[in-house]
Amino acid sequence: MGLFSKESCIVCGGKVNALTKAKTAEGSVCSSCLSLCSPNFVSNIKNKNVSEIKMHIEYIKENQELYKNFQATDTVGKLFFVDKSKRLFHVPAPAVSIYNKTPIVYSFDNIVDYELVVDGETYTKGGASIGRALVGGAVFGGVGAVIGGATGKKSQKEMIKKMYIKITLNHTYDTYTEISLISADTKKGSFLYNTMTDCANKILALLDSITAESSAPSFSGSAADEILKYKQLLDCGAITEEEFNKKKSELLNL
Ligand SMILES: [Zn+2]
């Protein structure tokens, strides 16, 4: 019995290796087609039909073009990449994935909300509709001051196992994406801990600015700039007070 059965891939028609194939209701998908899909998609591929899989592979190809043309305007370490001019962001692809290793690029508009989770507890949460709030008591001084209480008193065991930022998405294929900050026992106050809480603060601040931008009311940069221009025209006598007020009302949607 060889590894290659007579079965052919329902997506590309190629040979299927029995050890690396994935099964769906319509038949098997070969490993090379699987490698073109996102890990999230592969984990649920048994419920997909051929045309859904083909559409997903097309989507990934287009997304890889976005990734190629991505020009980061803001980055936090190798954890979070933002292209403010194109309103796009990405996080690193999961390191352990045997599937597509190119990060998926998302739009700012995909962000529903985001939260910092430490050992299963949410410490801070934000989003376009609510802004950012610290969960379980407002404390200033950033994430590092919040974790484990504001008093700063040292308890016996001050280890953290897992810290990540979860970004909930409104997106066809992914309901969320995660930025892993700490994934093994780490002592509070250690260099790694301090570095990662610092990164968490920077990422959350960037997410705040991204979502504040997307949800800003119409009286934003451009309207204010326009009014200023007309104010200058008024000041130098090029337009009358009446004309200025009319223009201002228009720009403010009054
Ligand atoms: Zn195939």
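Whatever order the structure lists ligands and atoms in, that order sets their numbers, starting from 1. The figures that follow rest on heavy atoms only: side chains count, while hydrogens, waters and symmetry mates do not.
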Ionic contact status for Asp185 with Lys161, cut-off 4.0 Å: yes
Run the salt-bridge test on Glu7 and Lys15 with the 4.0 Å N-O cut-off and return the result as yes or no. no
Sidechain-backbone polar pair: Asp83 side chain, Ser85 backbone, donor-acceptor under 3.5 Å: yes
Distance flag, aromatic centroids of Tyr106 and His90, threshold under 6.0 Å: no
What about Phe41 and Tyr173, are their ring centers closer than 6.0 Å? yes
Do Asn49 and Ser51 get their side chains close enough for a donor-acceptor pair, meaning under 3.5 Å? yes
So, at under 2.8 Å, which protein N, O or S atoms would a careful student list around the Zn ion (ligand 1)? Cys9 SG, Cys12 SG, Cys30 SG, Cys33 SG
